[in-house]
Asks: 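My questions all concern the structure below.
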Amino acid sequence: QVQLVESGGGLVQAGGSLRLSCAASGIIFSSASMGWFRQAPGKQRELVARIASSSSTNYADSVKGRFTISRDNAKNTAYLQMNLLKPEDTAVYYCNAAIWSNIRMTLVNYWGQGTQVTVSS
């Protein structure tokens with residue numbers, strides 16, 4: 001029973017902050033690369049940030065300096081701290097867990113249901 005549950009989305013004014021959480025179960029969390037993706041209406045889903053099992057991080061250029069991804073392996077939870085939010089950040093944000101399977105020789109991806117982030121001006 002793999003489950004990723006996002007929380008923390010909502011409506012915020014431009015310049016404000018939100019912290020998204022992704023609670024994972026049914027996986028060995030410490031082995032997973034955790035990512036945050038977002039999808040705005042009429043647009044494709046895009047990577048926002050990723051944190052590897054080593055805690056190495058990557059960010060989309062559009063969020064560098066404003067967003068911070070982190071993980072707490074003891075809590076099986078990944079976070080996305082979003083500061084200085086802009087209206088263009090408005091999207092549904094999805095948590096992703098990627099785990100390499102040596103048995104199937106494939107990357108196995110799991111997705112949360114998404115949480116809405118709306119930034120007003």
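Residue indices begin at 1 and follow the sequence shown. Heavy-atom basis, side chains included; hydrogens, waters and symmetry copies ignored.
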Asks: Between Trp36 and Cys22, is a side-chain contact (heavy atoms from CB on, under 4.5 Å) present by the stated rule, with each step listed?
Replies: CA-CA 9 Å; Trp36 287 96; Cys22 174; 3.6 Å; yes
Asks: Under 6.0 Å between ring centres: does that hold for Trp111 and Phe37?
Replies: yes
Asks: Once rounded to the nearest 0.5 Å, what's the spacing between atom CG of Leu4 and atom CG of Asn76?
Replies: 10.5 Å
Asks: Under the side chain to side chain contact (heavy atoms under 4.5 Å, CB included) rule, collect the residues that match up with Val119, sequence neighbours excluded.
Replies: Val12, Ala14, Leu85, Pro87, Asp89, Thr90, Val117
Asks: With side chains defined as the heavy atoms from C-beta onward, is the minimum distance between Tyr94 and Gln39 less than 4.5 Å?
Replies: yes
Asks: Could you tell me if the side chain of Phe67 sits less than 4.5 Å from the side chain of Leu84, heavy atoms only?
Replies: no
Asks: Take Ser17 and Gln81 through the test side-chain contact (heavy atoms from CB on, under 4.5 Å) and record every step on the way to the result.
Replies: CA-CA 7 Å; Ser17 299; Gln81 178 67 47; 4.0 Å; yes
Asks: I'd like to check Lys86 versus Arg66 (side-chain heavy atoms, cut-off strictly below 4.5 Å). Are they in contact?
Replies: yes
Asks: Membership question, hydrophobic clusters at under 4.5 Å side-chain separation (ILVMFWY): are Val92 and Leu11 in the same one?
Replies: no
Asks: If you measure from CD on Glu88 to OG on Ser62, what distance do you get to the nearest 0.5 Å?
Replies: 7.0 Å
Asks: Does Thr115 offer a backbone N or O that forms a donor-acceptor pair with the side chain of Glu6 under 3.5 Å?
Replies: no
Asks: Compare every heavy atom of Leu80 with every heavy atom of Ala49, then report the nearest pair and how far apart it is.
Replies: CB-CD1, 4.2 Å
Asks: So which atom in Ala24 and which in Phe29 form the shortest heavy-atom distance, rounded to 0.1 Å?
Replies: CB-CD1, 3.7 Å
Asks: Enumerate the residue pairs fulfilling salt bridge (charged side-chain N to carboxylate O under 4.0 Å, His left out) with a member in residues 103-121, sequence neighbours excluded, ordered by first and then second residue.
Replies: none
Asks: Using 0.5 Å steps for rounding, measure from the OG atom of Ser25 to the CD atom of Gln3.
Replies: 5.0 Å
Asks: State which residues pass side chain to side chain contact (heavy atoms under 4.5 Å, CB included) with Ile99; sequence neighbours excluded, sorted by chain then number.
Replies: Ile27, Ala32, Tyr110
Asks: Linking I/L/V/M/F/W/Y whenever any side-chain heavy atoms sit under 4.5 Å apart, do Tyr93 and Val63 land together?
Replies: yes
Asks: Does the pair Met34 and Asn96 meet the rule for a side-chain contact (heavy atoms from CB on, under 4.5 Å), with working shown?
Replies: CA-CA 6 Å; Met34 302 299 299; Asn96 166 262; over 6 Å; no
Asks: Among Ile69, Leu18, Val48, find the residue that satisfies the side-chain contact (heavy atoms from CB on, under 4.5 Å) test when tested with Met82.
Replies: Leu18
Asks: Under 4.5 Å between side-chain heavy atoms, counting indirect links through other Ile/Leu/Val/Met/Phe/Trp/Tyr residues: same cluster for Leu107 and Met105 or not?
Replies: yes
Asks: Given side-chain hydrogen bond (donor to acceptor under 3.5 Å, both in side chains), test Thr77 with Arg71 step by step and report yes or no.
Replies: CA-CA 6 Å; Thr77 302; Arg71 64 192 297 155; over 6 Å; no
Asks: Let me see the working for Ser21 and Ser7 under side-chain contact (heavy atoms from CB on, under 4.5 Å), right down to the final yes or no.
Replies: CA-CA 5 Å; Ser21 297; Ser7 61; 3.7 Å; yes
